[in-house]
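Just below is one structure, and these are the notes that go with it.
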Amino acid sequence: MKDRVKKGTDMTDHIPFNRANLTGNEYLYISGALESGHISGDGRFTAKCQEVLERELGAGKALLTTSCTHALEMAALLLDIRPGDEGIVPSFTFVSTINAFVLRGARPVFCDIRPDTLNIDERKIETLITSRTKAIVAVHYAGVGCEMDSVLAHAERHRIAVVEDNAHGLFGKFRGKYLGTFGCLATQSFHETKNFTCGEGGALLINDPRFIQRAEVIREKGTNRNRFFRGEVDKYTWVDLGSSYLPSDVLAAFLYAQFEHRDQIQSRRRRIWEYYREHLGEWASRNGVQLPFIPEHCEQSWHMFYMLMPSLEQRQAIIAHLKQRDIVSVFHYVPLHLSEMGRKFDGKEGDCPVTESVSDRVIRLPFYNELSEAEQARVVSSVLEFKDNCDF
Ligand SMILES: Cc1ncc(COP(=O)(O)O)c(C=O)c1O
C-alpha cells in the first residue's frame, strides 16, 4: 500500500510532471488522528502545523485552511472587499489569486510582470492605482520574492492592503525575511503539486494582529466557536460572514508528517533544481532559452523549474518532443486578462505584453521530491536532444 502511493505508477519509463510522495510518518499520524476521535478541524495536528508555520516563519498567526483558494477568499472577506473596489494582480497567475476578490464584487486590475523573475512589475503598479484600489496581491512566482520594498511603498503611500499569494513560496526569503510575512495577510497552498502537501490544503498567515479574531470567525462559518472553546464566551453563535474553511485534522496529520521533514524536502528539491540549472545552462544560452533568474537578495523556495523558449511554436514542439519520450512537461498560466472572464473586465491583447509573451513560451519540467537522478538525467538528455529536431 505504502509503495503504491510512493511510486504512484507502474510504468517505469514514464516520468510524470508531478507525483505526491510520503516522507515517513504520514500513516502513523493519520492513525493518531483517527484514534484520538478528533478528525474534524482544529485538532491536535492542525495546532502542530500552525505552530510550525508561526515559529519557523515568525508569522503572527497561521490558520490552516482547506486550500490556498479559500485562504484568499478569507483575505478578501477580511479586507471587506465590496462591489466597485479594485484589486491589482499580476495577469500571470492562477485564477484564484483574483477570483477570491471578484467573488466579493471587486474589479480585477491586471498588472504586467517583470521579464526576469516573472513577478508583478512593481514599476507598473503606481499607474494602476485609483481611489477604488483596495488591495495589491503579490504572487511570488516560482517561490522567488516580488520586489517587496517597492510593492509595500506603493501600498503604504496610498493606504492599500498588500496580500501575498505565497502558494509557491513557503520558506523562500526576500532580503533575509520569509515570504508570507510582508503583507498584512498571506496565503499558502498545500495542494499535491506543492513542496509540502496534504492533497488539498492551505493556510492563511496573519501578520496584522487586528485581523486574527475576525479570521477565526470567518473560518468557522461566521461563528465565534473558537472563543467558546477557549471559554471566552458562554455560548457560540453567528456573529459575522463566514464559511467552512478549516480542514479535517486527518489532512493536518498528513501535512505535519511532511513539515517534520521540511529540511530534507527542501534540500532534495534544491538538488533537483540545481541539477537542471547545471545541465541545461549551456544549452539554454546557446539556443536563446531563458532559465529562471534568482536576484541576489532572494532565496527561492525550490518550487519549480521552468524555461522560456524563444517562441510558442518551439514551446509546443518541445512539449511534444518530451511527450514522445514519455516525459510530461506542462505550461501555465493563460494570461488572466485574456481569459474568458478577464475579457469581461475589458482585458485585451497588448494590455500586458510581457505576460502574453511569457505565457506563450513557458514550459515547466518534471519536478517532485522523489524525482530520481536517473529520471532527471533522462529529462535532461531529452531536452538536449531537442535542438536536433528544431530550427532554433
Ligand atoms: C499562485 C497560486 N495561487 C493560488 C493557487 C491555488 O492553490 P490551491 O489549489 O491550494 O487552492 C495556486 C495553485 O496552484 C497558485 O499557483
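Residues: numbered from 1 along the sequence shown. Note that ligands are numbered from 1 as they come in the structure, with each ligand's atoms numbered from 1 the same way. No experiment lies behind these values; they were computed from the predicted model shown.
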| said: If you define the side chain from C-beta out and look only at heavy atoms, does anything of Arg361 sit under 4.5 Å from Met307? | reply: no
| task | Apply the ring pair (Phe, Tyr, Trp, His ring centres under 6.0 Å) test between Tyr306 and each candidate in Phe331, Phe92, Tyr141; give the one that qualifies. | result | Tyr141
Where does ligand 1 get N/O contacts under 3.5 Å from the protein, atom by atom?
unit_1: ligand 1; atom_1: 3 (N); unit_2: Asp165; atom_2: OD1; d: 3.2
unit_1: ligand 1; atom_1: 3 (N); unit_2: Asp165; atom_2: OD2; d: 2.7
unit_1: ligand 1; atom_1: 10 (O); unit_2: Cys68; atom_2: N; d: 2.9
unit_1: ligand 1; atom_1: 10 (O); unit_2: Ser189; atom_2: OG; d: 2.7
unit_1: ligand 1; atom_1: 11 (O); unit_2: Cys68; atom_2: N; d: 3.4
unit_1: ligand 1; atom_1: 11 (O); unit_2: Thr69; atom_2: N; d: 2.9
unit_1: ligand 1; atom_1: 11 (O); unit_2: Thr69; atom_2: OG1; d: 2.5
unit_1: ligand 1; atom_1: 14 (O); unit_2: Lys194; atom_2: NZ; d: 2.8
unit_1: ligand 1; atom_1: 16 (O); unit_2: His168; atom_2: NE2; d: 2.9
unit_1: ligand 1; atom_1: 16 (O); unit_2: Tyr333; atom_2: OH; d: 3.1

| message | For Lys348, give me all partners under salt bridge (charged side-chain N to carboxylate O under 4.0 Å, His left out), at least two apart in sequence or on another chain. | response | Asp351
| field | Listed once per pair and sorted, the side chain to side chain donor-acceptor pair (under 3.5 Å) pairs that draw on residues 92-103, sequence neighbours left out | value | Thr69-Ser96, Thr93-Thr97, Thr97-Asp165
| message | What I'd like to find out is whether the side chain of Val379 reaches to under 4.5 Å of the side chain of Pro366, using heavy atoms alone. | response | yes
| query | In the hydrophobic cluster built from side-chain contacts under 4.5 Å, what are the other members alongside Ile120? | reply | Ile88, Val109, Ile125, Leu128, Ile129, Ile136, Met148, Val151, Leu152, Ile160, Val162, Phe174, Leu179, Phe182
